[in-house]
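Written below as structure tokens is the structure these notes are about.
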Amino acid sequence: MTQVRTRFAPSPTGFMHLGGVRTALYNYLFAKKMGGKFILRIEDTDQERIVPGAVDVIYNTLRECGLNWDEGPDIGGGYGPYVQSERKSLYLPYAKELVEKGAAYYCFCTKEELAERKAAAEAKGEVFKYDKHCLRLTKEEIQAKLDAGVPYVIRLNCPTEGESSYDDEVFGHISFPNSDLDDMVLIKQDGMPTYNFANVIDDHLMGITHVMRGMEYLSSTPKYNNLYRAFGWEIPTYVHLTTVMRDKEHKLSKRDGDAYYSDFIDKGYLKDALINYLALVGWNPGTDQEFFTMDELVRAFDVKRLNTSPGIFDVTKLDWMNSQYVAKMDFDKYLEMATPWFDQVLAGKGMDYRRLAELMQSRTDIFSRIPEKIAFLADMPDYDTAIFFNKKQKSDEAVAREVLPMLLPVLEGIDDWTETAIHDAVMAKIPEWGKKNGAVLWPMRIAISGMESTPGGAFEIAYLLGKEETLRRMKASIAKLG
Ligand code: GLU
């Protein structure tokens with residue numbers, strides 16, 4: 001059996017779209033599952049769309065995600081070069097071969113002529129397709145124009161009658177009337193191939209067995225197949241992938257800040273969680289399993305389980321999955337990743353970040369939400385004293401008014417401000433006062449945090465704030481209660 005060869009063929013036009021990462025992922029998973037090769041090819045024939053630095057973004061993103069390619073521009077392989085602009089001299093001879101075979105033809109129509117005919121067709125309410133005008137030129141006429149150096153493009157001569165069909169691994173039997181096919185340009189006036197031509201030549205020359213790409217290419221595929229047939233080449237297996245959507249109607253969009261891989265990494269999502277989740281947007285394992293390492297994905301992946309309905313990228317689900325990954329993360333790694341987010345509100349305060357991280361790890365869904373959760377440590381919120389009320393803890397404003405002034409000297413008397421010392425000092429007093437724990441600890445925690453719910457309890461927060469700040473907040477709350 002021939003070895004499976006898949007490819008990810010991005011155009012370097014900017015950041016990596018999440019849909020692109022998912023396409024790369026599926027190509028990678030399938031190649032690895034089949035013991036095949038995953039190839040990276042940079043498609044930069046459309047020079048106008050190229051964004052400087054975008055190739056590095058592609059490399060870095062794929063590498064960061066663990067989608068390591070077996071062949072590609074930077075590492076080579078037996079089928080290089082892997083950048084289309086470095087292959088540009090290779091395409092024209094293939095186009096000429098098709099001209100020889102009568103499957104393609106020179107077209108000398110100028111932009112203006114085409115625009116005129118397009119306008120005329122549209123005036124009649126017709127959709128303009130190239131009208132095969134230059135197909136009628138004689139051999140001699142063509143040669144004369146070529147000799148005179150008249151600029152030309154080379155077009156594919158598509159059939160106009162009948163149907164073109166193929167079987168897609170995901171969408172099944174696909175059929176389009178040939179009357180819809182436009183005689184697409186293969187080679188542009190500048191001698192560069194179009195994407196439509198280059199991708200076929202490259203997929204063939206690179207021995208690609210499975211073409212896995214977005215479903216926007218479903219309708220172009222009959223044209224590509226005409227090319228394969230004209231050359232007498234074997235047609236690859238097609239696996240078209242549904243679009244990644246925000247919801248049923250909306251695509252992920254740049255404007256909403258949810259389109260790019262980097263948008264999510266910048267917001268503090270973990271790449272492992274993102275990859276795990278992305279794998280499930282458009283594919284299902286056929287079991288209840290939701291958490292997958294890359295190796296597990298490789299083992300579980302099956303093209304037959306790719307979905308035909310659009311993949312909905314549900315951020316709420318992703319947040320949940322991310323929180324599960326964060327909770328299971330190595331503690332030191334968590335501390336390292338959380339530190340810049342702690343710094344956003346606590347820089348320069350000398351707070352014990354290790355202790356804070358211990359309290360925050362299980363409460364972090366995405367890292368960018370850390371600052372809002374710990375802001376109370378930096379500045380005492382202006383709270384409503386009604387939150388002293390808690391039935392279960394036997395606390396209310398009157399209780400707080402009574403116990404906080406009793407607590408103050410106890411806290412003032414602690415010299416060695418550790419969590420244990422604070423705990424022991426306070427806990428020793430509670431039975432003496434004849435109180436339940438909640439009736440002291442609830443008011444204390446509210447008094448120094450101003451929040452009904454906090455990471456950590458009264459002792460942890462007092463410890464993190466330090467003695468001076470704790471006492472300052474205690475006094476302010478006592479005054480606030482009047
Ligand atoms: N260069 C194309 C793109 O970025 C890739 C399409 C394909 O996979 O053939 O959309």
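One-based numbering, in listed order, for ligands and for the atoms of each.
Every residue was checked against the ring pair (Phe, Tyr, Trp, His ring centres under 6.0 Å) condition with His17, not counting sequence neighbours, and none meets it.
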Do any nitrogen or oxygen atoms of ligand 1 lie under 3.5 Å from a protein nitrogen or oxygen, and which ones?
| from | atom 1 | to | atom 2 | distance (Å) |
| --- | --- | --- | --- | --- |
| ligand 1 | 1 (N) | Ala9 | O | 2.8 |
| ligand 1 | 1 (N) | Ser11 | OG | 2.9 |
| ligand 1 | 1 (N) | Glu43 | OE1 | 2.6 |
| ligand 1 | 4 (O) | Ser11 | N | 3.3 |
| ligand 1 | 4 (O) | Ser11 | OG | 3.3 |
| ligand 1 | 8 (O) | Arg7 | NH1 | 2.8 |
| ligand 1 | 9 (O) | Arg7 | NH2 | 2.8 |
| ligand 1 | 9 (O) | Tyr195 | OH | 2.5 |
| ligand 1 | 9 (O) | Arg213 | NH1 | 2.8 |
| ligand 1 | 10 (O) | Tyr217 | OH | 3.0 |

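Relative to the six-membered ring of Tyr463, Arg355 misses at least one condition, a distance below 6.0 Å or an angle of at most 45° to the axis. Seen from the ring of Phe301, Lys33 does not count as a face-on cation partner, given the 6.0 Å and 45° thresholds. Taking the ring centre of Phe313 as origin, the terminal cationic atom of Arg22 falls outside the region bounded by 6.0 Å and 45° from the ring axis.
A ring pair (Phe, Tyr, Trp, His ring centres under 6.0 Å) with Tyr353 is found for exactly one of Phe331, Tyr334, Phe342, namely Phe342.
Between Trp283 and Phe30, the distance from one ring center to the other does not fall under 6.0 angstrom.
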